[in-house]
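Numbering starts at 1 and runs along the sequence shown. These numbers were taken from a predicted model, which means no experiment stands behind them.
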Amino acid sequence: MTAATSTAIPAATPAAEAAAAAAVPPPARPAVGLGPKLGFLAMVVGMFMAILDIQIVAASLAEIQAGLAASADEIIWVQNSYLIAEVIMIPLSGYLARAFGTRWTFVLSAGGFTLTSLLCAFATSMDQMIVFRALQGFVGGAMIPLVFASAYTIFPRDKQAGVTVVVGLVATIAPTVGPTLGGWLTETLSWHWLFLVNVVPGAIVTAVVWALIDIDRPQPHLIRSMDVPGLLMMALFLGSLDFVLEDGARNDWFDDHHILTFSIVAAVAGIGFFWRTLTARNPIVDLTAFKDRNFATGCLFSFVLGISLYGLVYLQPQFLARVRDLNALQIGEVMFVTGLAQFLSAPIAGGLSRKVDPRLMLSIGFGLIAVSNIMLTNLTPESDYWELFLPQILRGMGFMFGIIPVNVLALGTLPPEKLKNASGLYNLMRNLGGAFGLAGITTVMTERSAFHWARLSEHVNPARPEVQGRIDALAARLAEQVPGIDGEVAAVKMIAGEVMRQVTVLTFIDVFWLMSLVVGGAIAVVILARKPDHAKSAGGH
């Protein structure tokens with residue numbers, strides 16, 4: 001090139017070079033082969049089992065209690081030990097996945113979950129069951145966030161909407177069908193099969209993921225530089241917090257010395273954990289993901305979905321058992337409607353997620369859940385399958401219309417290097433939402449039950465002539481039907497039982513109103529989220 005020609009072409013400025021680079025589309029990611037797809041499907045199955053096991057024992061605690069000769073205070077730890085251990089593992093999983101790689105971390109998690117499921121099935125004492133359930137929740141907890149992170153790592157942008165539908169469906173349908181499957185297994189076989197059912201699919205998942213998933217490289221140096229004090233403080237903080245939330249309402253909160261002690265431990269360890277996280281050179285959990293406004297608001301919405309998901313899965317079976325006196329299998333048959341609605345609405349939600357602003361879709365989802373709760377405020381002591389049918393349909397659709405855009409808002413635009421850590425935090429928020437929600441629900445039910453009992457008792461007073469007349473008539477009838485019975489005592493017990501039934505219904509109505517306000521209020525927060533920049537994200541992925 002001559003000097004003349006070289007001077008005729010002006011030198012490119014940095015701004016021009018940046019503009020030219022931006023104009024060049026990023027190279028298209030290669031299509032995902034059959035092997036990674038099958039491997040990811042196996043990961044989803046593993047996640048399903050881990051989430052399912054939170055609720056699969058819920059309808060069968062009485063049978064487990066009888067089988068292990070446990071007390072009423074001990075049996076609740078079949079659930080609590082699993083939940084507390086899982087809550088500790090979920091945020092830790094991101095660090096482990098970076099250190100060992102996704103494949104090794106998931107294989108160890110799935111294999112450990114399978115082995116501990118076998119141990120739970122053959123537990124011979126309550127102490128053994130608590131230890132094995134804690135181990136099961138801890139090792140299995142890593143599968144949940146790894147699936148969410150891998151969905152955005154393995155698949156290109158144009159495939160992520162469909163994959164998110166599958167992941168969202170599994171994450172919401174597993175706790176919904178848990179009581180149904182658990183009740184059926186216990187009624188048909190025995191409570192041991194609540195855990196044995198995991199063994200064969202768990203072994204298959206472990207083998208398939210080992211053979212077909214290889215999406216990142218381990219970073220062993222992270223093990224040598226692990227912030228052990230931060231890890232211990234995180235375990236103490238989350239474990240103590242979950243214990244307080246799970247048992248506080250049943251034990252009069254701070255009037256119980258165990259609750260007070262663990263509340264202090266949670267507060268002190270929490271301060272220490274956040275200080276270590278913000279100052280350590282290589283923290284166990286990277287909280288800087290919360291600087292992303294969409295991730296922060298997505299976590300908030302995940303928290304609200306956790307309240308709704310786990311709260312409603314708890315409330316409706318309680319109503320059916322305490323008011324309608326249904327057994328575990330009958331409750332499962334009623335609850336199946338929600339799971340079916342989720343399954344059938346998943347394709348609709350997936351199609352809309354490609355075309356509709358996720359903020360609008362999230363508002364619709366929360367709106368459907370809120371309307372479902374409002375409809376349940378019309379409950380009566382006679383409410384049964386068909387009275388609960390439409391609210392369950394709306395709730396199932398609401399969960400699917402809610403969780404898919406929440407996934408997109410929280411994780412869809414983060415760079416790949418932040419996904420593993422962020423996914424752990426995101427899933428932790430859903431579990432904490434469930435824990436806070438159940439604690440709040442139990443507390444409200446206790447207080448409102450006492451309120452309604454006091455109010456109705458004023459009206460059902462034997463000093464009132466009409467009440468005493470009702471007791472006398474009922475006592476005479478009972479004395480005729482059952483010779484030798486103290487008719488008046490039996491009549492008073494029957495009337496007290498009916499009053500308690502009415503009190504229980506009124507209490508559930510109050511809680512459903514509160515749930516509708518919480519979910520409805522979340523709609524107002526949707527405005528804080530910004531619409532995801534898909535073009536930018538696609539380039540980053």
Side-chain angles (χ1 to χ4, degrees), residues 55 58-59 172-173 175-184 187 305 307-346 348 364-402 437-438 440-442 444-446 448-449 451-453 455-456 460 494-520:
Q55 294 291 343
T172 54
I173 205 171
T176 305
V177 303
T180 305
L181 179 60
W184 181 82
E187 293 282 334
L305 279 173
I307 294 174
S308 302
L309 181 61
Y310 291 106
L312 292 169
V313 168
Y314 167 79
L315 278 172
Q316 190 164 302
Q318 285 285 309
F319 172 82
L320 294 171
R322 293 169 59 180
V323 178
R324 299 298 301 158
D325 199 28
L326 301 186
N327 62 34
L329 188 56
Q330 291 170 321
I331 292 171
E333 291 170 351
V334 176
M335 294 289 292
F336 182 72
V337 175
T338 300
L340 183 62
Q342 289 171 263
F343 183 79
L344 294 178
S345 62
I348 302 171
I364 294 172
F366 279 157
L368 289 171
I369 297 172
V371 170
S372 168
N373 286 325
I374 292 173
M375 293 180 70
L376 289 172
T377 61
N378 296 316
L379 287 174
T380 70
E382 285 71 43
S383 295
D384 211 329
Y385 183 87
W386 289 110
E387 288 79 10
L388 299 173
F389 184 81
L390 184 56
Q392 287 197 95
I393 293 290
L394 295 179
R395 183 196 314 157
M397 294 177 63
F399 283 145
M400 287 312 303
F401 278 67
L438 289 175
I441 286 169
T442 307
V444 170
M445 289 186 71
T446 301
R448 296 303 292 177
S449 180
F451 169 78
H452 289 301
W453 176 264
R455 192 181 67 171
L456 291 184
V460 188
M494 285 185 66
I495 291 175
E498 181 57 34
V499 171
M500 191 67 239
R501 195 163 174 244
Q502 296 290 343
V503 164
T504 303
V505 173
L506 291 171
T507 301
F508 276 104
I509 288 173
D510 289 345
V511 176
F512 284 122
W513 272 119
L514 181 61
M515 295 282 283
S516 66
L517 291 173
V518 170
V519 179

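Arg448 places a side-chain heavy atom less than 4.5 Å from the side chain of Phe451. Using a 4.5 Å heavy-atom cutoff, the side chains of Glu387 and Thr380 are not in contact. A 4.5 Å side-chain heavy-atom check between Phe366 and Ser308 finds every atom pair outside the cut-off. At least one side-chain heavy atom of Val334 sits under 4.5 Å from a side-chain heavy atom of Gln392. Taking the side chain as every heavy atom from C-beta outward, Ile369 and Leu394 never approach each other to under 4.5 Å. Counting heavy atoms from C-beta on, the side chains of Met400 and Arg395 never come closer than 4.5 Å.
Although no hydrogens or angles enter the test, the distance criterion places no donor-acceptor pair under 3.5 Å between the side chain of Ser383 and the main chain of Leu379. A donor-acceptor contact shorter than 3.5 Å is absent between the side chain of Ser516 and the backbone of Ala370.
Summarising the geometry, atom CD1 belonging to Ile509 is positioned 14.0 Å from atom CG belonging to Leu514; distances are rounded to the nearest 0.5 Å. Between Met335 atom CE and Leu326 atom CG the span is 12.0 Å, to the nearest 0.5 Å. Between the CD1 atom of Ile441 and the CD1 atom of Ile307 there is a distance of 8.0 Å, given to the nearest 0.5 Å. Residue Thr377 holds its OG1 atom at 4.5 Å from CH2 of Trp513, rounded to the nearest 0.5 Å. Here Leu340 contributes atom CG and Ile393 contributes atom CD1; the two are 6.5 Å apart, rounded to the nearest 0.5 Å.
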Does Ser449 form a side-chain contact (heavy atoms from CB on, under 4.5 Å) with Met500? I'd like the steps, not just the answer. CA-CA 9 Å; Ser449 180; Met500 191 67 239; 3.7 Å; yes
Run Leu320 and Gln330 through side-chain contact (heavy atoms from CB on, under 4.5 Å) and show every step you take. CA-CA 9 Å; Leu320 294 171; Gln330 291 170 321; over 6 Å; no
Take Val499 and Trp453 through the side-chain contact (heavy atoms from CB on, under 4.5 Å) test and state the conclusion after the steps. CA-CA 8 Å; Val499 171; Trp453 176 264; 3.6 Å; yes
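Heavy atoms only, all atoms of each residue included: Tyr310 and Leu438 are closest at O-CD2, 3.7 Å. Across every non-hydrogen atom of Glu333 and Tyr385, the tightest pair is O-CE1, 4.1 Å. Nearest heavy atom pair, residue Gly396 against residue Ser345, reads O-OG, 4.0 Å. Residue Ser372 comes nearest to Pro391 through the heavy atom pair OG-O, 2.7 Å, listed as atom of the first residue, atom of the second, then distance. Here the closest heavy-atom approach between residue Gly339 and residue Ile173 is recorded as O-CD1, 3.4 Å.
Under the side chain to side chain donor-acceptor pair (under 3.5 Å) rule, His452 has a single partner from Asp510, Thr507, Thr504, which is Asp510. Just one of Ile374, Leu376, Val444, Leu312 meets the side-chain contact (heavy atoms from CB on, under 4.5 Å) condition when paired with Met515; it is Leu312. Checking each of Gln316, Arg324, Met375 against Leu388 for a side-chain contact (heavy atoms from CB on, under 4.5 Å) leaves exactly one that passes, namely Gln316.
Applying the ring pair (Phe, Tyr, Trp, His ring centres under 6.0 Å) criterion to Phe508, with sequence neighbours excluded, gives Phe319.
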